[in-house]
Trainee: 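The structure that follows is given in the form of structure tokens.
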Amino acid sequence: MADRLFAVIPCAGTGSRAGAEVPKQYRSIAGRAMLHYTLAAFDACSEFAQTLVVLAPDDTHFDGRRFGALRFAVKRCGGATRHASVLNGVRALAEYGAQDSDWVLVHDAARPGITATLIRTLVAALKGDAVGGLLALPVPDTLKRATPGDEPRVAATEPRDGLWQAQTPQMFRLGLLREALEQALANGQSVTDEASAIELMGHAPRLVQGNLRNFKVTYPEDFALAEAMLREPPKEPR
């Protein structure tokens, strides 16, 4: 059997920085819950064996009826951090027949601009890779390091050469990713994405060109941008 594809969508966060009364993944954008767009993109990739949504155990906002006929599974195994939620989700994939040699793609629910084309671009680039990798964009802006405190000032200008902004999905072998996340947790190392955990094991994940459309909705003003973007169909090659 060929190595299969699985997806984990961590969806246990509260979205406090977004300033909403409900977690941001459930807020309506362009007529649908933000989470719908992520699920629809993975649903359009029929080559995936399973897409798993990881919810907080006490989530009272999720309603599967909002997502129509989209194909996905749900586990209420979210943890206190994204790290813990992803690890619990990766472990839970064994219940769906996933093996250590299979690939798992982890994607943020708050990146509704993901498309089936971007997912397939990542998969095609990494299928033969020994480590795996992630979507990312070269940093175009000048970067400033700030002084600490409530009124920060510029402490230094950082060279942007060779710097990339990480996106998701991030794609790794299930066994390798689980081991990396478990080791980081055991060592008290905080990781904010899967690639960071893989790097701590001494590996160098591959960077695959992403897309500005695939930005992460984080702050209140981001919702208007996402609304405008999602009302326009993605311009993708046929």
Side-chain angles (χ1 to χ4, degrees), residues 1-12 38-39 41-54 71-75 77-79 81-109 111 114-137 164-211 214 216:
M1 181 184 297
D3 300 334
R4 294 170 300 169
L5 295 168
F6 291 83
V8 169
I9 313 298
C11 198
T38 284
L39 295 179
F42 281 91
D43 187 66
C45 298
S46 58
E47 57 267 38
F48 277 77
Q50 185 66 70
T51 295
L52 180 64
V53 179
V54 177
R71 296 169 295 116
F72 60 92
V74 173
K75 289 287 289 186
C77 61
T81 63
R82 184 184 186 281
H83 182 170
S85 294
V86 172
L87 176 55
N88 290 345
V90 169
R91 287 169 172 166
L93 286 178
E95 300 176 25
Y96 302 92
Q99 305 293 319
D100 282 1
S101 60
D102 290 327
W103 291 100
V104 57
L105 281 75
V106 181
H107 183 68
D108 297 326
R111 292 184 186 272
I114 189 62
T115 64
T117 296
L118 266 178
I119 294 169
R120 286 176 168 142
T121 295
L122 181 69
V123 170
L126 298 179
K127 269 284 193 170
D129 197 271
V131 176
L134 64 151
L135 290 178
L137 287 174
W164 291 57
Q165 180 178 351
Q167 296 186 333
T168 66
Q170 301 193 3
M171 173 177 164
F172 300 100
R173 298 283 185 182
L174 188 152
L176 175 64
L177 179 57
R178 185 186 63 242
E179 181 182 0
L181 292 170
E182 288 175 343
Q183 280 192 17
L185 189 64
N187 294 333
Q189 295 167 309
S190 176
V191 297
T192 55
D193 71 347
E194 294 64 57
S196 298
I198 299 294
E199 293 162 41
L200 287 171
M201 295 184 70
H203 299 296
R206 182 175 171 187
L207 296 165
V208 179
Q209 182 82 32
N211 191 298
N214 188 30
K216 187 176 182 180

Trainee: What are the two closest heavy atoms between T38 and A109, and how far apart are they?
Mentor: OG1-O, 3.7 Å

Trainee: Rounded to the nearest 0.5 Å, how far apart are CG of D100 and CG of L93?
Mentor: 11.0 Å

Trainee: Any side-chain heavy atom of L207 within less than 4.5 Å of one from L134?
Mentor: yes

Trainee: Quick one: CG on L200 to CD on Q183, what's the gap to the nearest 0.5 Å?
Mentor: 9.0 Å

Trainee: Can you tell me how far apart CG (L176) and OG (S101) are? Round to the nearest 0.5 Å.
Mentor: 12.0 Å

Trainee: What's the shortest heavy-atom distance between V54 and S85, and which atoms?
Mentor: CG1-O, 3.7 Å

Trainee: Measure from the side-chain N and O atoms of R4 to the backbone N and O of D102, and report whether any donor-acceptor pair falls under 3.5 Å.
Mentor: no

Trainee: Mark yes or no for whether Q167, through its side chain, and N211, through its backbone, hold a donor-acceptor pair below 3.5 Å.
Mentor: yes

Trainee: For E179, what residues pass the salt bridge (Lys or Arg N to Asp or Glu O under 4.0 Å) criterion, not counting sequence neighbours?
Mentor: none

Trainee: Locate the shortest heavy-atom distance separating K127 from W103; write the atom from each residue and the value.
Mentor: O-CZ2, 3.7 Å

Trainee: CD of E199: more than 12 outside heavy atoms within 6.0 angstrom?
Mentor: yes

Trainee: Check whether any side-chain heavy atom of L87 lies under 4.5 Å from a side-chain heavy atom of R178, and answer yes or no.
Mentor: yes

Trainee: If you compare all heavy atoms of N88 against all heavy atoms of G79, which two are closest, and at what distance to 0.1 Å?
Mentor: ND2-N, 4.2 Å

Trainee: Report yes if some heavy atom in the side chain of T168 is under 4.5 Å from a heavy atom in the side chain of K216; otherwise report no.
Mentor: no

Trainee: Would you say F48 and L105 make side-chain contact, with heavy atoms under 4.5 Å?
Mentor: yes

Trainee: With sequence neighbours excluded, tell me which residues meet ring pair (Phe, Tyr, Trp, His ring centres under 6.0 Å) with F6.
Mentor: none

Trainee: Could you measure the distance from the CG atom of L177 to the CE atom of M201? Nearest 0.5 Å is fine.
Mentor: 10.0 Å

Trainee: For the residue pair L122 and L135, what are the closest heavy atoms and their distance?
Mentor: CD1-N, 3.9 Å

Trainee: Parallel, tilted or perpendicular: which fits the ring planes of F42 and H107, with parallel below 30° and perpendicular above 60°?
Mentor: tilted

Trainee: For D193, enumerate each residue passing the salt bridge (Lys or Arg N to Asp or Glu O under 4.0 Å) test, keeping only those at least two apart in sequence or located in another chain.
Mentor: none

Trainee: Please round to the nearest 0.5 Å and tell me the distance separating atom CZ of R173 and atom CD1 of I198.
Mentor: 12.0 Å

Trainee: Could you grab the distance from atom CG of L52 to atom CZ of F72, nearest 0.5 Å is fine?
Mentor: 10.5 Å

Trainee: So, using ring pair (Phe, Tyr, Trp, His ring centres under 6.0 Å) as the criterion, who are the partners of F172 when residues are at least two apart?
Mentor: none

Trainee: Spell out, as yes or no, whether a donor-acceptor pair under 3.5 Å connects the side chain of D43 to the backbone of L39.
Mentor: no

Trainee: Over all heavy atoms of both residues, which pair between V53 and C11 is shortest? Give the atoms and the distance, please.
Mentor: CG1-CB, 3.8 Å

Trainee: T81: which residues meet the side chain to side chain contact (heavy atoms under 4.5 Å, CB included) condition with it, sequence neighbours left out?
Mentor: H83, A84

Trainee: Please check: side-chain N/O of Q170 versus main-chain N/O of A195, any donor-acceptor pairing under 3.5 Å?
Mentor: yes

Trainee: Does the side chain of E194 come within less than 4.5 Å of R82's, by heavy atoms?
Mentor: yes

Trainee: Can you list everything that forms a side-chain hydrogen bond (donor to acceptor under 3.5 Å, both in side chains) with D129? Sequence neighbours excluded, please.
Mentor: none

